[in-house]
Every structure is written in C-alpha cells, then in structure tokens.
*Asks:* 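Sharing a structure here in structure tokens format.
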2 protein chains.
Amino acid sequence: MIDKDLKERIKEVAVEHFNSNGYHGTTIRNIAKDVNCSLPMIYYYYRNKKELFDEIIKKEFFNLIKRQASLLRMDNVIDFYTKFVYDLNFLSSYDKQVYRLGIKVYLSFDGDEELKGLMDEWEKTILPRHYQILKPYLKNVENEIAVVRTLVHLLETMIENIVVKNRYMPEKEIREELAIVLRDCE
Amino acid sequence: MIDKDLKERIKEVAVEHFNSNGYHGTTIRNIAKDVNCSLPMIYYYYRNKKELFDEIIKKEFFNLIKRQASLLRMDNVIDFYTKFVYDLNFLSSYDKQVYRLGIKVYLSFDGDEELKGLMDEWEKTILPRHYQILKPYLKNVENEIAVVRTLVHLLETMIENIVVKNRYMPEKEIREELAIVLRDCE
DNA sequence: ATATAATTCTAACGAACGTTAGATAAAAGG
DNA sequence: CCTTTTATCTAACGTTCGTTAGAATTATAT
C-alpha cells in the first residue's frame with residue numbers, strides 16, 4: 001500500500017467536507033467515496049461522525065493554534081506581529097482548513113456546546129497573552145488596554161481574511177494596519 | 001386569526017433555525033413544528049427549502065445592511081462611527097439573527113455560490129464608501145487608504161462581536177478603539 | 001345560496017442518512 | 001502451518017429527510 005495511514009487520510013478528507021458543507025451537510029458516505037474506502041472503514045477508526053468532528057477540533061485545531069502561538073518571539077513589535085500574520089498566508093492547505101473550521105466553531109457556526117466551551121476558554125487567554133507581550137513596549141501609550149484590545153481585534157480580522165476568506169494579504173498591508181494601531185509602541 | 005401573517009412567521013422561525021443549525025441542519029419539519037402549522041404549509045408559501053433560505057439572505061439581510069448603511073450621517077467622525085456600531089447592540093433579535101446569518105454566508109460558512117457572489121459584490125462597495133465618508137477628515141493623515149482599510153477591518157470585528165458572538169459592547173470600548181485608528185482625523 | 005378560490009390538512013413516496021451485522025481477506029505470531 | 005488479530009468489505013436496518021398528491025376546510029365573490 002502506497003497510501004498514507006488510512007485513519008489520517010480519513011481525517012484529512014473529513015476536514016475538507018466539514019469545511020465545505022458543515023457538520024450536517026457532511027455525510028460519511030461522501031467522505032468514504034473521496035477517501036476511496038468503504039463506508040464502514042470510517043466506523044472502524046472513529047466511533048461515529050461526532051467523534052470524527054470532535055477530534056479535528058480538539059486535537060488538530062488546538063494543536064495548530066498552540067503551535068502558532070508558540071512562534072511569538074520579538075525584537076521590534078510591529079515586525080513581529082507582521083510576520084506572525086503574514087506567515088498564515090503560507091500555511092498548508094490542511095492547516096488552513098483546520099484553522100477555518102476552528103473559527104467556524106469559535107463563532108458558533110458549527111459544533112456543539114462542548115466545543116464552544118473549549119473555544120471560550122481559549123478566548124479568555126488571548127487578551128492577557130498579548131498584553132504580556134506588548135507590556136514592555138507600552139510605556140508611552142495612554143490607554144494600554146484599549147491598544148491591546150484593538151490590536152487583538154485587528155489580528156482577528158486579518159486572520160479571518162487569510163484563513164476564512166482564503167485571501168492573500170501582502171506584507172505591506174499587514175504592516176501598515178498594525179503600524180496604525182501600534183504607532184506609539186517602543 | 002390573532003396570528004401575524006403566517007408566511008412572515010415561517011420566515012422568522014426559519015431564521016432562528018438556519019442560525020442555530022445551519023442550512024443542512026435545519027429541517028422543514030422542525031420549522032413547521034415551531035410555527036405550529038402543518039409541514040406542507042411551508043411549501044404553500046415557499047417553493048422549497050432553498051428558496052426560503054435565499055429569500056432571507058436576498059431580501060432580509062440585504063435590506064438590513066442597506067438600512068444600516070443609510071444611517072451614516074456625521075459631524076464628528078468618531079462620534080459617528082461609535083454610534084453606528086453601538087446601535088447594533090440594540091437591534092431586534094430578528095434583525096440580529098438575519099445579520100448573523102448574512103455574515104455566515106459572507107464567510108462562506110453557509111449558502112451557495114450564488115449568494116456568495118452577491119456578498120462579494122457588496123463587499124466591493126464597502127471600502128470606497130467609507131473612503132468617501134472619511135475623505136474630508138483625512139487631510140493630515142499620511143496613508144489614507146491604510147487608515148480606511150484598518151477602520152473597515154476594525155468595524156468588521158466589532159460587528160462580529162455584537163452580532164455573531166452576541167456580546168454587548170459598551171460605547172466606551174467602541175470609542176476607544178475607533179479613536180486609536182482615527183486619531184489623526186479632523 | 002352557490003360556485004370559485006385560497007388555505008390548511010393527513011398521508012405517503014422515494015431518497016439519503018448514520019449506523020451495524022456479519023462475512024471475507026490480509027497480516028502477524030507461535 | 002495453523003491460529004489469532006487486524007483490516008476491509010457487501011448488504012442491510014431503521015430513521016429522517018425534502019417533497020408531493022389529494023382531500024378537507026375556510027373565505028370570497030357572484
């Protein structure tokens with residue numbers, strides 16, 4: 001068999017389907033067809049449809065954003081955030097789709113209450129984390145918290161642009177927008 | 001009959017269901033149950049499920065955002081945008097859900113290619129419109145276009161916060177964030 | 001009052017869904 | 001080589017879905 005691990009391939013195809021058609025619009029039969037395996041094979045590796053969806057969010061998505069968050073290093077704070085956003089353009093198609101699916105759940109457009117709860121937990125950590133990052137650079141800034149909040153909001157839209165709408169954002173545009181919000185930093 | 005127009009009530013319930021469960025997760029039977037009418041009545045007023053969904057986006061959503069866009073008057077540009085966003089907090093539950101559903105389609109999380117096309121058309125008008133609004137106030141601003149783009153991005157996140165995540169945003173927070181982006185205006 | 005049109009219903013059709021039973025084939029272990 | 005485990009399949013079950021046929025009821029108009 002030249003195939004990658006079948007379980008892995010099922011998950012990859014499932015990501016595509018959940019992304020394009022949502023949880024309810026995705027059928028196990030269609031996944032099986034695209035994976036080129038029989039329908040019960042999916043039940044061989046995953047207890048049911050919900051477990052398949054949950055594994056994508058719980059493992060793949062949260063791994064991805066933790067991986068992304070760990071990339072945060074900096075000297076110049078604008079350089080740093082620019083690179084952070086710009087690099088999203090070059091995520092693998094799989095990672096982008098996992099990210100997109102996660103945002104869909106984050107916005108309560110899919111998934112169940114349990115997954116939404118996990119998202120809310122994660123969300124609570126966002127602002128403090130960026131505040132920690134920015135703190136040393138916010139000396140001559142008036143309303144620190146507002147700047148951090150605005151930055152986070154701006155990041156959210158840019159991430160959505162690249163990952164959800166699947167648009168390429170040039171580095172110049174990213175830098176320009178970040179510079180407007182962070183102009184008094186450092 | 002004390003009821004509101006049945007056709008209207010069907011649409012209202014449909015908005016709730018499409019919002020909570022997505023297009024594929026919504027069933028005509030459940031809508032009928034909540035409307036308290038028999039299942040074929042829905043087919044009496046709407047050709048099929050898709051036409052019902054389409055009418056919500058094409059009529060309700062686009063009417064709503066045109067109504068919102070027409071509210072744009074101004075003296076102080078920050079006051080003006082602050083009010084624009086802040087008032088979203090007080091949209092009726094129905095309007096909020098229509099708005100939310102529209103954003104879901106806008107992000108390609110639901111709906112078909114045709115509806116997405118309409119969204120893309122609308123999206124193209126957003127930047128020029130705000131540029132027109134801001135132009136008189138952008139005299140002493142360096143990179144005009146970048147400011148307008150950043151503003152539009154920030155508006156997008158705040159709208160999403162209020163309408164999609166259904167969070168209340170206090171006027172103070174809205175004003176603070178807008179002031180950071182628009183601080184050199186006028 | 002009666003005929004016509006507008007609403008509403010019960011009942012069902014065929015298709016597609018999630019899921020499982022149970023058989024078969026392939027691989028691994030002794 | 002035989003046994004046991006792992007991987008895969010065909011076929012089906014019961015449910016629910018979108019949709020429609022066709023009858024019953026109500027309102028409107030003549």
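Only heavy atoms go into these numbers, but all of them, side chains included; no hydrogens, no water, no symmetry mates. So you know, we letter chains A, B, ... as the sequences are listed, proteins then strands, and number each from 1.
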*Asks:* Using atom CD1 of B:Ile31 as one end and atom P of D:dT19 as the other, report the distance to the nearest whole Å.
*Replies:* 11 Å
*Asks:* Specify the separation, in whole Å, of atom CZ of A:Arg9 and atom C1' of D:dT8.
*Replies:* 13 Å
*Asks:* Starting at the 5' end of DNA chain D, which residue's closest nucleotide do you reach first, A:Asn36 or A:Arg29?
*Replies:* A:Asn36
*Asks:* With salt bridge (charged side-chain N to carboxylate O under 4.0 Å, His left out) as the test, would you mind laying out the steps for A:Asp87 and A:Lys83 before giving the verdict?
*Replies:* CA-CA 6 Å; A:Asp87 284 349; A:Lys83 178 173 165 43; 2.8 Å; yes
*Asks:* Determine the contact category for B:Ser38: base if any of its heavy atoms lies under 4.0 Å from a base atom, sugar-phosphate if only primed atoms, P, OP1 or OP2 are that close, otherwise nothing.
*Replies:* base
*Asks:* Taking for each residue the nucleotide of DNA chain C with the nearest heavy atom, is it A:Thr27 or A:Arg47 whose nucleotide lies nearer the 5' end?
*Replies:*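 Nearest-nucleotide comparison on DNA chain C picks A:Thr27.
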*Asks:* In terms of side-chain heavy atoms of B:Leu6, which of C:dC17, C:dT8, C:dG18 is nearest?
*Replies:* C:dT8
*Asks:* For A:Leu39 and A:Tyr45, take the nucleotide of DNA chain D holding the closest heavy atom to each; which residue's nucleotide lies nearer the 5' end?
*Replies:* A:Tyr45
*Asks:* Within the structure shown, what part of the strands sits under 4.0 Å from A:Tyr46 by heavy-atom distance: base, sugar-phosphate, or nothing?
*Replies:*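 The residue A:Tyr46 makes no contact with any strand.
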*Asks:* Closest to the B:Pro40 side chain: C:dT10, C:dT19, C:dC17?
*Replies:*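 Comparing C:dT10, C:dT19, C:dC17 against the side chain of B:Pro40, the answer is C:dT10.
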*Asks:* Side chains of B:Asn30 and B:His17: do they bring a donor and an acceptor to under 3.5 Å?
*Replies:*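 No, no side-chain donor-acceptor contact under 3.5 Å.
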*Asks:* Would you indicate, yes or no, if C:dT8 has its OP1 or OP2 atom less than 4.0 angstrom from a side-chain nitrogen or oxygen of B:Tyr43?
*Replies:*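 Looking at the OP1 and OP2 atoms of C:dT8, neither is under 4.0 Å from any side-chain N or O of B:Tyr43.
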*Asks:* Can you figure out which of C:dG18, C:dT8, D:dT8 approaches the side chain of A:Met41 most closely?
*Replies:*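 Comparing C:dG18, C:dT8, D:dT8 against the side chain of A:Met41, the answer is D:dT8.
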*Asks:* Could you tell me whether the side chains of A:Tyr99 and A:Tyr94 share a donor-acceptor contact shorter than 3.5 Å?
*Replies:* no
*Asks:* In whole Å, I'd like the distance from the NZ atom of B:Lys49 to the P atom of D:dC17.
*Replies:*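 So the NZ-P distance, B:Lys49 to D:dC17, works out to 9 Å.
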*Asks:* Please determine if a side-chain N or O atom of A:Tyr44 lies less than 4.0 Å away from the OP1 or OP2 oxygen of D:dA7.
*Replies:*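 For D:dA7, OP1 or OP2 has a side-chain N or O of A:Tyr44 closer than 4.0 Å.
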*Asks:* Assess, by modelled atom type and distance only, whether the side chains of A:Lys165 and B:Tyr106 contain a donor and an acceptor separated by less than 3.5 Å.
*Replies:* yes
